[in-house]
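Counting starts at 1 for both ligands and their atoms, following the listed order. Only heavy atoms go into these numbers, but all of them, side chains included; no hydrogens, no water, no symmetry mates. Just so you know, these numbers come straight off a predicted model, no measurement behind them.
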Amino acid sequence: MPRTRIIQCADGIPNPDGITDAVGVLNAGGLVAFPTETVYGLGADAFNQAAVRKIFEAKGRPSDNPLIVHVASLEIAWHFISDISEKGLTLASRFWPGPLTLVVKRKEIVPSLVTAGLETVAIRIPNHAVTLELLARFGGGLVGPSANSSGRPSPTSADHVVQDLNGKIDLILDSGPTIIGLESTVIDVTTNPPVILRLGGLSREDIEKEIGETHRTRSKDLLKRSPGTRYRHYAPRAQVVIVPHQDRDAFVKQLEHLKDEGKRVGAITSSEDLNAVDRSPSHLILSSSVDRYAQQIFHALRELDRSQVDCILVEGVEETGIGAAIMDRLMKASENKSRHNG
Ligand code: TXA
Ligand code: MG
């Protein structure tokens, strides 16, 4: 494939010619990276099996990990859904478009490559003007995994997409950095209570305000229901070590220990105490606002990887609201480097 084309959509405003080109690429079975409020997605026509297969190839993604179908409206979502619970409908009408993915019973015609053979399909209406326009003009559903190489941190800018997929995909719609910075929350609404399969941009607290209790277990059964949670991901090449929020002593101890081992150490911190410890070029300081921290964390992990450190010491955050999703990603990034996902 020739070099990947990049089309600018400045200030999040759809570029009409760019959208026309992107729709053309999708109709021809090509791959288009698109911005969303969470992270950039890698789009292909959900009903075109050859195109969907290209997504797995471009990302190096295991084929047993199902994809989210992105649509412009509930009306189009019904092309994929055979049945949805009351609670599912409540969440859809309250939070779509938004950082929420619903796992629902699928229609027979949804290709099994999209659902990895499951009886369910994951659906979301993203909240981004460029991509809503793209989806509306395309008219159908686009599968949209995060537009990174499998296992790497999700892309929060077009630049990250280029780092991982240049030459492997046709087009990128560049609309600048994404607002939320973490992927959508995935919730299975086929059971009662519904089960949160992946924490993300919409907090569990906000979901429970609408529909009451949800489950979130780490049992084997749950892992079967969301194959993606099985693999290591969100991870830079360097080893990631988490230190507790505001625990200066733990941070200093770890830093010295790793340096004694001869490792090149990078750091990501957000609290004043820790920010002041080690002002080396590979010490990145993120915002103390948890929303801003979420926005910046994947970029910071990628930046430190580019500076070729062996190990990244990263300060944790409080596990409430989006903080719970941040900690989920950091924990996955710090897991043993054995398996990969997307
Ligand atoms: O924010 C997001 O969700 C981004 C943007 C681009 O929309 N997309 C994204 O897709 O993160 P991906 O493929 O990287 O993650 C999708 C997650 C995986 O953990 C996958 O296992 C799960 O959703 N998933 C997809 N279909 C499923 C299904 N039918 N049942 C259970 N889990 C499913
Ligand atoms: Mg992903």
Do any nitrogen or oxygen atoms of [X] lie less than 3.5 angstrom from nitrogen or oxygen atoms of ligand 1?
X: Tyr40; result: no
X: Arg61; result: yes
X: Asn65; result: yes
X: Gly41; result: no

Provide the number and element of each atom of ligand 1 under 4.0 Å from a heavy atom of [X].
X: Ser146; value: 8 (N), 9 (C), 10 (O), 12 (P), 14 (O)
X: Ala122; value: 25 (C), 26 (N), 27 (C), 29 (N)
X: Arg198; value: 2 (C), 3 (O), 9 (C), 11 (O), 15 (O), 16 (C), 17 (C)

May I ask you to identify, for [X], whether its side chain, its backbone, both or neither come under 4.0 Å of ligand 1 on a heavy-atom basis?
X: Leu118; answer: side chain
X: His70; answer: side chain
X: Asp188; answer: neither

Phe47 vs Phe80 aromatic rings, parallel, tilted or perpendicular, using cut-offs 30° and 60°?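 It falls in the parallel class, under 30°.
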
Return the CG to NE2 distance between Leu165 and His160, rounded to the nearest 0.5 Å.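 Spacing of CG (Leu165) from NE2 (His160) equals 12.5 Å.
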
Do NZ/NE/NH1/NH2 and the carboxylate oxygens of Asp206 and Lys209 come within less than 4.0 Å?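 Salt bridge flag = yes for Lys209 with Asp206.
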
Of all the heavy atoms in Gly144, does at least one lie under 4.0 Å from an atom in ligand 1?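 Gly144 counts as a contact of ligand 1 under the 4.0 Å cut-off.
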
